[in-house]
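Numbering of residues begins at 1 and proceeds along the displayed sequence. Given the structure is predicted, the values throughout are model-derived calculations rather than measurements. Computed from heavy atoms alone, side chains included, the values below leave out hydrogens, waters and symmetry copies.
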Amino acid sequence: MKNRIIIIITGCIFFVQAAHADEGMWLPQLLGKLNEGQMKSLGMKISAADIYSINKGSLKDAVVSFGGFCTGDVISSQGLVLTNHHCGFDAIQNHSSIQNNYIRDGFWSKNKAEELTNKGLFVTFIVRIDDVTNQAMADVTSGMAEADRLSQIDKNLAAIKDRVQKGKNEDSFIRGFFEGNQYYLFVTKTYRDIRLVGAPPSAIGNFGKDTDNWMWPRHTGDFSMFRIYADANNEPSDYAAGNIPFKPKKSFNISLDGVKENDFTMVFGFPGRTMEYLPAVAVQQIMEVNDPAKIAIRDKALNVIDGFMRKDEVIKIQYASKYAGIQNAYKKWQGEILGLYRTDALAKKRTYEATFQQRVNANSVWKQAYGNVLPDLEAMYKTYQPYGLARDYYSEITSKIELFTIANQLNSLVAAYDKDGEAGYIKRLPAVKNNLEELIGEYNVTVDQRIFEVLMEKFIQDQTTTTYVSPAVNENLQKMGGNYKSLSAGIYNSFPYTTTDNINSLLSQPAANTVETIRNNATVVFLNNMMKQYQSSVLPSYNDNQAKINNLQRMYMKAQMEVMKEKKFYPDANSTLRLTYGKVKGYKARDAVSYGYSTDLDGVMQKYVPGDYEFDVPEKLQQLYKAKDYGQYGSNGKMNVCFIATNHTTGGNSGSPVLDAYGNLIGLNFDRVWEGTMSDINYDPSICRNIMVDIRYVLFIVDKFAGASHLIQEMKLVHPRINQK
Ligand code: ARG
Ligand code: GLU
């Protein structure tokens, strides 16, 4: 009887774990050891070696880091790459002009000769991943001070990199995992001639804009296409007219069969940063202190920019991408707070910590080693809090007021001059000219002055510790009778270098004169005083506390992996290649509100607002909709647009391939649902969903909307439901 109960209970535990498989960003080289069994039980029909292998072409050979900030998917034997519209946006914007407005109208090359080059854009393949933990830890002892430990590890890593076996044109880098408890070496190959092949109009690629961003139900065709070019030997090369399309080791087959609820899915890409192993005290600070502070600051900046954008067409274009960037995290943080409260994340963390502490206390070895780690973290985070907040204030505010960015460019000339004299200055000058030119192109001094006025008031009034504000700043403000408008006017009036002409005339002087002028400029002095105050009153304590926290977090991570044995641990995202898997699923957002798992073109038309900035629908798309002209891409008279699943993703996963049980491409990842953005801190299967474009919508837009059927011909389209059953 007892045995049977035990068998039943064990069975249940297994079942529960198998059912909640969604959390985790797994290392592709460890799937065979850690995940394959579970993935197969969830429906996967291929093996771990089909996903990652160093001996044969595997799915990893069709995934690239796109420009270091997004993910791309190789979808043809001629090096065609698919990524998001918002990932390719910079390239699209750079090729756009009033005559050729590719942002508004989209762009489709009719043949390879029309594909457009993009300076500085690259894609990186992962050749292989090696565990180098033992070599990285050589001569590292447990009693070492954090700084000594880091310098020993740096030395070890440099030695590993010296010895690494690399092929032609390959690079390598090493990253720490599990808070620095493990180290992996990545051998990579980077291609630098990446050309724009096509992009839909913004009214498709960014349909719904900021209103729909982070939201479900979603109707955005967030994709664009590029092509990798290589030299005659298929090797990386800078742009050259004679380069030819790259022949990949592997490209994705594309499924035309669509998805059903509960289908197995995987997302393969480069997630940027998560913080899944913070103690409750740190999560509480994020929810109650840091996120709200950053939201309030951005709220003020966005209000100012929005006011100007609504009144002025030029500002609207100049500030569109900046506004979207500020708004993106602003909205995400709000969702994060909401989700953390709604899922009771703090209480769950505390329960977990209580179990951890109980187990540690019950084991004398653990108690000796880890007994104090949680109390120490609790105390350390409390000490750290004011500095963390002061840092958030300083970096949020100084990055929104672009006068700081401009002044810092000029400061870098002074620094180069002070360090290496005129030669240093001359070496630095072209970069500064280039950066300033780019900055000024999307800059309006009236907008910036108003942002300064509003954010400086917030900065000064919100500081709880007076030493965070430079005495010189206070003096200046007092001179202006405490009036921020006057302060702002004074600062901007004494700084003429916000126009191309004035910048050029400053930079055409002899080095010594320019440097003198910059050094003595009252505004530069004011901004530098703010910076120096921050560097002396906040940064040293911030860095010191952060180092102590890093040390404790590393110990806590190690301890959890030993003590909480039933839990499967995955390392926090750190922009390295990861695979996450889950199921296609709707969710319950709140009381009485549940969402289905997919959207279609009917929904696009339901959101349609003629002529609207966010919800206009191109004429051609309306015609296709009316005619139900969906070709092989529709199903049952519908054209699917987006779907959601339980895959655990984050920023950087944009453009990641979404794969079915056979490894066929079924979608393109581009977002998460608002209520679930707290998955960066605490994944909860009840509301965390990633948002993907249905690959059939991508193909429909390329083929039927853009008429670029020559691209479809390059791809391999498959019907897994019919052929592979
Ligand atoms: N929220 C997505 C991400 O984090 C999409 C952002 C681009 N779209 C936008 N409307 N801003 O990158
Ligand atoms: N849009 C995000 C990106 O650019 C992905 C969404 C997310 O954060 O999950 O990477």
Can you see which heavy atom on Thr211 is nearest to which on Lys331, and at what distance? O-NZ, 2.9 Å
Classify the ring geometry between Tyr393 and Phe459 as parallel (under 30°), tilted (30 to 60°) or perpendicular (over 60°). tilted
Could you check whether Lys119 makes a cation-pi contact with Tyr239, meaning its NZ or CZ is under 6.0 Å from the centre of the six-membered ring and within 45° of the ring axis? no
Quick check: Phe226 with Phe66 (ring centres under 6.0 Å apart)? yes
Below 4.0 angstrom, N of the basic side chain to O of the carboxylate: do Lys300 and Glu457 qualify? no
Any side-chain donor paired with an acceptor under 3.5 Å for Asn206 and His86? no
Heavy atoms of other groups near Glu313 CD, more than 12 under 6.0 Å: no
I would like to know whether Asn529 and Gln533 meet side chain to side chain donor-acceptor pair (under 3.5 Å); could you show each step before the answer? CA-CA 6 Å; Asn529 275 331; Gln533 188 71 18; over 6 Å; no
Taking atom OG of Ser399 and atom CD1 of Ile326, what is their separation to the nearest 0.5 Å? 7.5 Å
Classify the side-chain pair Asn94/Asn118 by whether it contains a donor and acceptor separated by less than 3.5 Å. no
Parallel, tilted or perpendicular: which describes the rings of Tyr277 and Phe178, with under 30° parallel and over 60° perpendicular? tilted
Donor-acceptor pair, side chain of Asp212 and main chain of Met215, under 3.5 angstrom: no
Side chain to side chain donor-acceptor pair (under 3.5 Å), that's the test. Do Ser541 and Asp544 meet it? Break it down for me. CA-CA 5 Å; Ser541 305; Asp544 182 44; over 6 Å; no
When the aromatic ring centroids of Tyr468 and Tyr534 are compared, is their separation below 6.0 Å? no
Run the ring-centre check on Tyr183 versus Phe177 and record whether the distance is less than 6.0 Å. no
Please find the pair of heavy atoms, one from Ser656 and one from Gly269, that lie closest to each other, and give the distance. OG-CA, 3.5 Å
Less than 3.5 Å apart, any donor N or O on the side chain of Gln385 or Gln285 sitting next to an acceptor on the other? yes
Does the side chain of Asn435 reach to within under 4.5 Å of the side chain of Thr405, using non-hydrogen atoms? no
Using only atom types and a distance under 3.5 Å, with no angle test, would you say the side chain of Glu442 pairs donor to acceptor with the backbone of Glu438? no
In sequence, state the C-alpha distance, the side-chain angles, and the governing distance for Ser470 and Lys532, and then conclude on side-chain contact (heavy atoms from CB on, under 4.5 Å). CA-CA 8 Å; Ser470 155; Lys532 281 182 206 149; over 6 Å; no
With heavy-atom distances below 4.5 Å as the criterion, would you say the side chains of Met480 and Lys485 are in contact? no
Check the angle between the aromatic planes of His85 and Phe89 and answer parallel, tilted or perpendicular using the 30° and 60° thresholds. tilted
Could you check if a side-chain atom of Asp105 sits within less than 4.5 angstrom of a side-chain atom of Asn100, using non-hydrogen atoms only? no
Are Asp418 and Arg519 ion-paired here, with the side-chain N under 4.0 Å from a carboxylate O? yes
Do Phe122 and Asp193 touch side chain to side chain, with heavy atoms closer than 4.5 Å? no
Under 3.5 Å: donor-acceptor pair, side chain of Thr274, backbone of Glu276: no
Charged N-O contact under 4.0 Å between Lys548 and Glu146: no
Take Asp680 and Thr650 through the test side chain to side chain donor-acceptor pair (under 3.5 Å) and record every step on the way to the result. CA-CA 7 Å; Asp680 289 348; Thr650 189; 2.8 Å; yes
The reported gap from OG1 in Thr498 to CG in Leu403 (rounded to nearest 0.5 angstrom) is 8.0 Å
Is it the case that more than 12 heavy atoms not belonging to Tyr387 sit under 6.0 Å from its OH atom? no
To the nearest 0.5 Å, what is the distance between CG (Asn653) and CG (Asn669)? 5.5 Å
Between OH on residue Tyr497 and OG1 on residue Thr500, distance to nearest 0.5 Å: 14.5 Å
Steps toward side chain to side chain donor-acceptor pair (under 3.5 Å) verdict (Thr190, Thr124): CA-CA 4 Å; Thr190 295; Thr124 300; 2.9 Å; yes
Centroid-to-centroid, Tyr384 to Tyr542, below 6.0 Å? yes
Taking the side chain from Trp214 and the backbone from Asn328, do they hold a donor-acceptor pair closer than 3.5 Å? yes
So OG1 of Thr446 and CG of Asp312: to nearest 0.5 Å the spacing works out to 9.5 Å
Sidechain-backbone polar pair: Thr83 side chain, Gly655 backbone, donor-acceptor under 3.5 Å: no
Whether the side chain of Asp291 engages the backbone of Met287 through a donor-acceptor N/O pair (distance < 3.5 Å, no angle test) should be reported. no
Reported OH-to-CG distance for the pair Tyr330 and Leu302, which is rounded to 0.5 angstrom: 6.0 Å
Should the pair Glu396-Lys294 be classified as a salt bridge under the 4.0 Å nitrogen-to-oxygen rule? no
Using modelled atom types only, decide if a donor and an acceptor are shared between the side chain of Glu402 and the backbone of Tyr443 within a distance under 3.5 Å. no
Side chains of Arg428 and Ser412: do they bring a donor and an acceptor to under 3.5 Å? yes
Quiz question: by atom type and distance under 3.5 Å, do the side chains of Asn290 and Asp392 form a donor-acceptor pair? yes
Looking at every heavy atom in both Asn521 and Pro496, which two are closest together, and how far apart are they? ND2-CD, 4.2 Å
Compare every heavy atom of Ile503 with every heavy atom of Ile440, then report the nearest pair and how far apart it is. CG1-CD1, 3.6 Å
Give me the atom names and distance for the closest heavy-atom approach of Arg578 to Met25. NH1-O, 3.1 Å
Looking at Lys433 and Glu437, does any basic side-chain N land under 4.0 Å from a carboxylate oxygen? no
Please work out which of the three classes, parallel, tilted or perpendicular, describes the rings of Phe186 and Phe173, given edges at 30° and 60°. parallel
Test: Glu475 and Lys479 ion pair at under 4.0 Å: no
Should the pair Lys189 and Tyr191 be classed as cation-pi, given the thresholds of under 6.0 Å to the six-membered ring centre and 45° from the axis? no
Could you verify whether a donor N or O on one side chain and an acceptor N or O on the other, from Thr576 and Asn574, lie under 3.5 Å apart? yes
What heavy-atom pair brings Gln535 and Pro540 nearest, and what distance separates the two atoms? O-CD, 3.0 Å
Is the shortest heavy-atom distance from the side chain of Thr117 to the side chain of Leu196 under 4.5 Å? no
Between the side chains of Asp448 and Arg450, is the shortest nitrogen-to-carboxylate-oxygen separation below 4.0 Å, so that they form an ion pair? no
Answer yes or no: is there a donor N or O on one side and an acceptor on the other, between the side chain of Ser488 and the main chain of Tyr484, under 3.5 Å? no
Do Thr677 and Glu336 meet the criterion of a side-chain donor-acceptor pair at a distance under 3.5 Å? no
Say whether Gln152 and Asn156, considering side chains only, have a donor N or O and an acceptor N or O under 3.5 Å apart. yes
Say whether Ser202 and Arg104, considering side chains only, have a donor N or O and an acceptor N or O under 3.5 Å apart. no
Measure from the side-chain N and O atoms of Thr383 to the backbone N and O of Ala379, and report whether any donor-acceptor pair falls under 3.5 Å. yes
